[in-house]
Amino acid sequence: DANFSTSGNAAFRINGMYESLNNHRDFYDGDRIAINPTARIKLSPTTLADLSYEYVDNERFVDRGIPVNDLAGGNGQPIKGFQNIVFGDSVLNTAKVKAHIARATVTQQFSDNFKGVLNASYSDFDKLYQNFYAQDLPTANVARLDGYVDTTNRKSLNLSANLIGGFSTGRVKHTIVTGVEYIDTYNDNDRFN
């Protein structure tokens, strides 16, 4: 997280993160990275603009865990001795998300008690979740596997404009908000069992 003042009328902030995942289970690993630069610009004494972009990239192994003992006489607890066995595939058991999100807000102060706010955002998500897992144990020596692939691609445009006014009647303060909003979303989602 770092902040920079570029001039008397502008400031810049950048947030970033990285995370690496790992544990004792076979194949378990993953990485997450995100960055979010943001700018605030004073366009005039009464006009302010905020601009930001966010990028997220997340990939990790999907471990659905240890099957439970539901055989005759079983106790419904995870089966002992399977602590280090992964019922999955090192390549196919994966979750991935990539996201791009851009936002802009322009605020116009018309008076001390009246302002207009225009918001725009665009997002593009690409997501994959697929895995094999132990559905059940029909016998002591057989694990029945199940699995699916789930993909999502979503693009969304959001636009909104609001007028915000405030006034008082005696000691009671009032805020009135009126506005319009436009949302356009494209979603392509499928699931293969």
Side-chain angles (χ1 to χ4, degrees), residues 1-4 12-39 50-105 119-159 183-193:
D1 184 9
N3 296 291
F4 310 94
F12 182 74
R13 181 175 189 170
I14 186 164
N15 285 294
M17 64 85 66
Y18 172 77
E19 181 179 28
S20 180
L21 310 171
N22 205 340
N23 74 13
H24 69 283
R25 304 271 290 157
D26 287 343
F27 318 128
Y28 190 90
D29 65 356
D31 293 300
R32 296 176 183 166
I33 187 170
I35 189 164
N36 179 217
T38 303
D50 291 299
L51 308 169
S52 73
Y53 167 75
E54 184 174 352
Y55 172 74
V56 176
D57 187 348
N58 179 359
E59 184 172 351
R60 65 181 175 82
F61 178 76
V62 175
D63 183 357
R64 294 287 297 266
I66 304 166
V68 297
N69 189 351
D70 286 331
L71 299 173
N75 57 9
Q77 297 296 312
I79 297 172
K80 295 190 185 307
F82 286 4
Q83 300 91 309
N84 295 318
I85 297 174
V86 173
F87 291 86
D89 183 86
S90 63
V91 175
L92 296 178
N93 282 54
T94 187
K96 298 178 184 180
V97 176
K98 282 193 181 182
H100 301 271
I101 305 162
R103 295 183 183 97
T105 300
N119 289 300
S121 69
Y122 177 78
S123 60
D124 183 351
F125 292 90
D126 194 7
K127 181 177 158 184
L128 166 72
Y129 188 91
Q130 66 183 16
N131 69 109
F132 282 112
Y133 58 94
Q135 178 185 16
D136 60 11
L137 291 155
T139 70
N141 298 321
V142 175
R144 185 166 30 210
L145 298 180
D146 200 355
Y148 58 89
V149 178
D150 190 16
T151 63
T152 303
N153 183 263
R154 181 176 301 134
K155 295 175 174 51
S156 184
L157 173 67
N158 298 333
L159 302 171
I183 299 173
D184 183 18
T185 300
Y186 165 82
N187 189 69
D188 184 9
N189 182 234
D190 62 60
R191 183 174 176 115
F192 176 71
N193 290 309

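Numbers for residues simply follow the sequence, beginning at 1. Computation of the quantities below employed the complete heavy-atom set of this structure, encompassing side-chain atoms and omitting hydrogens, waters and symmetry-equivalent molecules.
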### Query
Would you say the side chain of Leu159 lies within less than 4.5 Å of the side chain of Leu157, judging by non-hydrogen atoms?
yes

### Message
I need the minimum non-hydrogen distance between Asp89 and Val91, along with the two atoms involved.
### Response
OD2-N, 2.9 Å

### Query
Roughly how far apart are Ser123 OG and Asn158 CG, rounded to 0.5 Å?
6.5 Å

### Query
Under a 4.0 Å N-O cut-off, is there an ion pair linking Arg13 with Asp1?
yes

### Query
Taking it one step at a time, do Arg154 and Lys127 satisfy side-chain contact (heavy atoms from CB on, under 4.5 Å)?
CA-CA 9 Å; Arg154 181 176 301 134; Lys127 181 177 158 184; over 6 Å; no

### Message
Could you tell me if the side chain of Asn58 sits less than 4.5 Å from the side chain of Glu19, heavy atoms only?
### Response
no

### Test item: Val62 and Tyr129 side chains (from C-beta on) under 4.5 Å apart, heavy atoms
yes

### Message
Return the CG to NZ distance between Asp57 and Lys98, rounded to the nearest 0.5 Å.
### Response
4.5 Å

### Message
Can you confirm whether Phe192 is buried at CZ, in the sense that more than 12 heavy atoms of other residues, nucleotides or ligands lie under 6.0 Å from that atom?
### Response
no

### Task
Examine distances only and state if a side-chain atom of Asn36 and a backbone atom of Tyr53 form a donor-acceptor pair shorter than 3.5 Å.
yes

### Message
Within the structure provided, determine whether Ile35 and Ile14 are in side-chain contact (heavy-atom separation under 4.5 Å).
### Response
yes

### Student check: side-chain heavy atoms of Phe132 and Arg64 closer than 4.5 Å
no

### Query
Does the side chain of Val149 come within less than 4.5 Å of Leu128's, by heavy atoms?
yes

## Note on the structure
Between Asp150 and Asp190 the two heavy atoms that sit nearest each other are OD1-O, 2.8 Å

### Task
Report the residues that fulfil ring-ring contact (aromatic ring centres under 6.0 Å, His included) with Tyr55, sequence neighbours left out, ordered by chain and then residue number.
His100

### Query
Just how far is it from atom CG of Asn22 to atom CG of Asp29, taken to the nearest 0.5 Å?
6.0 Å

### Task
Start with the C-alpha gap between Thr38 and Asp50, add the side-chain angles, then the distance that decides, and say whether side-chain contact (heavy atoms from CB on, under 4.5 Å) holds.
CA-CA 7 Å; Thr38 303; Asp50 291 299; 5.5 Å; no

### Task
Would you mind reporting whether Arg32 and Arg60 have side-chain heavy atoms less than 4.5 Å apart?
yes

### Query
Counting heavy atoms not belonging to Lys96, are there more than 12 under 6.0 Å from its NZ?
no

## Note on the structure
For Tyr133, the ring-ring contact (aromatic ring centres under 6.0 Å, His included) test, sequence neighbours excluded, returns none

### Query
With side chains defined as the heavy atoms from C-beta onward, is the minimum distance between Asn153 and Thr151 less than 4.5 Å?
no

### Query
Under 3.5 Å, is there a donor-acceptor pair between the side chain of Asn193 and the main chain of Tyr148?
no

### Message
Nearest 0.5 angstrom please: Ile183 CD1 to Ser121 OG, how far?
### Response
8.5 Å

### Query
Looking at residues at least two apart in the chain, or sitting in another chain, which of them share a ring-ring contact (aromatic ring centres under 6.0 Å, His included) with Phe87?
Phe82

### Exercise: identify the closest heavy-atom pair between Leu51 and Ala104
CD2-CB, 3.6 Å

### Message
Could you measure the distance from the CG atom of Asp31 to the CG atom of Leu21? Nearest 0.5 Å is fine.
### Response
7.0 Å

